[in-house]
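Per chain, numbering begins at 1; letters A, B, ... match sequence-line order. None of these values were measured; they are calculated from a predicted model.
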2 protein chains.
Amino acid sequence: MTESTLNQTFAALADPTRRAMLARLSRGEANVSELAQPFLHSMSLPAITKHVKVLERAGLITKSKDAQWRPCKLRGAGLRVAADWVEQYRMFWEESFDRLDAYLKETAGKKSTKDKADGLTK
Amino acid sequence: MTESTLNQTFAALADPTRRAMLARLSRGEANVSELAQPFLHSMSLPAITKHVKVLERAGLITKSKDAQWRPCKLRGAGLRVAADWVEQYRMFWEESFDRLDAYLKETAGKKSTKDKADGLTK
DNA sequence: CGCATAATAAACTCAGTGGTTAATTAACCA
DNA sequence: TGGTTAATTAACCACTGAGTTTATTATGCG
């Protein structure tokens, strides 16, 4: 996983409009105007187009063609990028220090490529 | 979990310098100049101060006082905010549709408050 | 064809972010 | 007290991001 992918992924997730779009897409495919519908009272369609493009470039959704429509689909692999990164830190929110100790033992020897990606050491 | 917390959290994570700082802090406490050390060849100390402040405001680290030093510590609860949000989408990267089906059954009845936070429906 | 709908493109504004340098605060120590 | 180290503040600049309005492309349909 490359640094700039993480940059784009997290930046994409930092906007509430885009998170809402992902939430909408978690209930199934939707084309751009369907994604836009909840927001048209507060922003224009071109603004929506831009948000969609950000999500697409971050790999969080895919967009296809159906006549004049552009059905969008959630892309699990994109979200996994964020999940995998943050998962490295799980031990820091497993509250008890006993459990933290247990965690360290539990995960010993599970080190893999992703551990090197952002310089994190367990 | 409020929307603006998620905004700040993900925005903070979108910068590689800040992620590297978190990685450093995962190996233990460090004061600002220690956090700065790997970056002083490419940016100034005030720039570091700003990054630290972003992490602090996002709740990803805490900063305390020790004479003229400002030891910083990773704050698990902050990272958990991101983890919990993205975890809602786990089913979308569990590749097989059989497993997805299994996942839906497995997590039935586990619905809690956080499910409402960002409008996501399972 | 002519028109309506879906979506994008272009050009622009404005605010916020990430960086700079220079100055300042705060604490320790000889 | 005066000097050194740690860190922050202030003022500034360039760039990007999120939004706008207007214009354009592409498709389906009567």
| note | Comparing A/P46 with A/W69, nearest DNA chain D nucleotide closer to 5' gives the residue A/P46
| said: Return whichever of A/M43 or A/K65 has its heavy-atom-nearest nucleotide of DNA chain D closer to the 5' end. | reply: A/M43
May I have the distance from [X] (atom [atom1]) to [N] (atom [atom2]), rounded to whole angstrom?
X	N	atom1	atom2	value
B/N7	C/dT17	CG	P	11 Å
B/K53	D/dT8	NZ	P	6 Å
B/L45	C/dG18	CG	P	17 Å
A/N31	D/dT27	CG	C1'	14 Å
B/D66	C/dA26	CG	P	17 Å
B/F39	C/dT20	CZ	C1'	18 Å
B/L40	D/dA6	CG	C1'	12 Å
A/D15	C/dT17	CG	P	13 Å

| request: Answer with yes or no whether the hydrophobic clustering places A/L6 together with B/V54; edges join I, L, V, M, F, W, Y residues whose side-chain heavy atoms lie under 4.5 Å apart. | output: no
| task | Report yes or no: is there a donor-acceptor pair, N or O only, under 3.5 Å between the side chain of B/K50 and the base of C/dG19? | result | yes
| B/R90/B/E87 salt bridge by N-O under 4.0 Å criterion | yes
| field | Contact under 4.0 Å: A/T17 side-chain N or O vs D/dA18 OP1/OP2 | value | no
| message | Below the 4.0 Å mark, does C/dT17 have OP1 or OP2 next to a side-chain nitrogen or oxygen of B/H51? | response | no
| request: Ignoring the backbone of B/R70, work out which of C/dA9, C/dA7, D/dT8 is nearest its side chain. | output: D/dT8
| request: Give a yes or no answer on whether the side chain of B/E34 reaches the backbone of B/N31 with a donor-acceptor pair at less than 3.5 Å. | output: yes
With a 4.0 Å cut-off on heavy atoms, is [X] in touch with a base, just the backbone sugar-phosphate, or nothing at all?
X	result
A/S44	base
A/K63	sugar-phosphate
A/A47	base
A/T49	base
A/I48	nothing

| field | For D/dT8, the Watson-Crick or wobble counterpart (both distances under 3.5 Å) | value | C/dA23
| said: In terms of relative ring orientation, are B/F10 and A/F10 parallel, tilted or perpendicular, with 30° and 60° separating the classes? | reply: parallel
| Of the options B/I61, B/L60, B/L55, which is the one that meets B/L25 in a side chain to side chain contact (heavy atoms under 4.5 Å, CB included)? | B/I61
